[in-house]
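The structure appears right after this line, and notes come after that.
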Amino acid sequence: NYEENLFIKSIIIDSIILIINKYGSVEIITKSESALIYLDGEITGKKSPSTINKIPFGKHIITLKIFGYKDENIEIELSLSNRKISINKV
């Protein structure tokens with residue numbers, strides 16, 4: 001039946017998109033602007049406030065570095081049900 005085939009193709013396409021798009025994002029806002037943002041120990045080249053996109057699903061460490069302050073490490077986990085995380089350190 002045409003409608004059943006169309007429905008099955010739609011499910012397959014949606015599943016493929018979910019498999020291909022295994023990325024999330026993190027929005028970071030800090031009280032002091034210009035905190036250097038590191039992702040898993042690597043500098044991102046971004047300063048707060050900022051958003052980091054295309055982070056692969058899984059556990060990661062966001063490190064915020066502000067001159068004169070102790071570095072702050074924040075553990076995050078991105079997943080299909082948790083694609084966008086906001087870190088607000090105001």
Side-chain angles (χ1 to χ4, degrees):
N1 170 323
Y2 177 76
E3 289 177 2
E4 288 176 355
N5 284 338
L6 189 58
F7 179 72
I8 291 170
K9 286 180 183 177
S10 174
I11 290 173
I12 291 170
I13 290 170
D14 289 346
S15 297
I16 291 170
I17 290 170
L18 290 176
I19 290 168
I20 292 171
N21 191 11
K22 291 187 174 183
Y23 297 96
S25 64
V26 178
E27 175 187 41
I28 301 159
I29 300 169
T30 58
K31 183 176 184 178
S32 299
E33 290 187 10
S34 299
L36 294 174
I37 302 169
Y38 288 71
L39 174 65
D40 298 327
E42 300 289 327
I43 190 155
T44 63
K46 296 187 177 232
K47 296 180 181 180
S48 63
S50 189
T51 300
I52 305 171
N53 295 304
K54 295 199 88 172
I55 302 172
F57 285 172
K59 291 183 180 180
H60 300 278
I61 301 290
I62 300 291
T63 303
L64 303 176
K65 295 186 177 200
I66 302 172
F67 182 75
Y69 292 88
K70 184 179 176 185
D71 294 352
E72 182 161 4
N73 294 312
I74 303 145
E75 186 174 321
I76 62 165
E77 185 167 4
L78 294 165
S79 65
L80 190 56
S81 61
N82 197 23
R83 286 183 170 272
K84 185 170 184 177
I85 295 175
S86 291
I87 297 173
N88 193 344
K89 295 291 179 180
V90 178

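Keep in mind that what you see is a predicted model, and the values were worked out from it rather than measured.
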Determine whether Ile74 and Tyr38 fall in the same hydrophobic cluster, where Ile, Leu, Val, Met, Phe, Trp and Tyr are linked whenever their side-chain heavy atoms lie under 4.5 Å apart.
no
Between CZ on residue Phe57 and CG on residue Leu80, distance to nearest 0.5 Å
5.0 Å
Return the CD1 to CD1 distance between Ile62 and Ile28, rounded to the nearest 0.5 Å.
4.5 Å
When you measure from the side chain of Arg83 to the backbone of Leu78, do you find a donor-acceptor pair of N or O atoms at a distance under 3.5 Å?
no
So which heavy atom on Ser86 is nearest to which on Glu27, and how close?
OG-OE1, 3.0 Å
Are there over 12 heavy-atom neighbours, none belonging to Lys46, within less than 6.0 Å of that residue's NZ?
yes
Hits for side-chain contact (heavy atoms from CB on, under 4.5 Å) against Glu75, two or more places apart or cross-chain, chain-then-number order -> Lys59, Ile61
Is a donor on one side and an acceptor on the other found under 3.5 Å between the side chain of Thr44 and the backbone of Leu39?
no
Return the OG to CD1 distance between Ser50 and Ile87, rounded to the nearest 0.5 Å.
11.5 Å
Where do Leu36 and Lys47 come nearest, in terms of heavy atoms and distance?
CD2-CE, 3.7 Å
Sequence neighbours left out, cut at 3.5 Å: what donor-acceptor pairs do the side chains of residues 63-71 make with other protein atoms?
| from | atom 1 | to | atom 2 | distance (Å) |
| --- | --- | --- | --- | --- |
| Thr63 | OG1 | Asn73 | OD1 | 2.6 |

Measure the spacing between CG of Asp40 and NE2 of His60 and express it to the nearest 0.5 Å.
5.5 Å
What's the spacing between Ser25 OG and Ile55 CD1 if we round to 0.5 Å?
7.0 Å
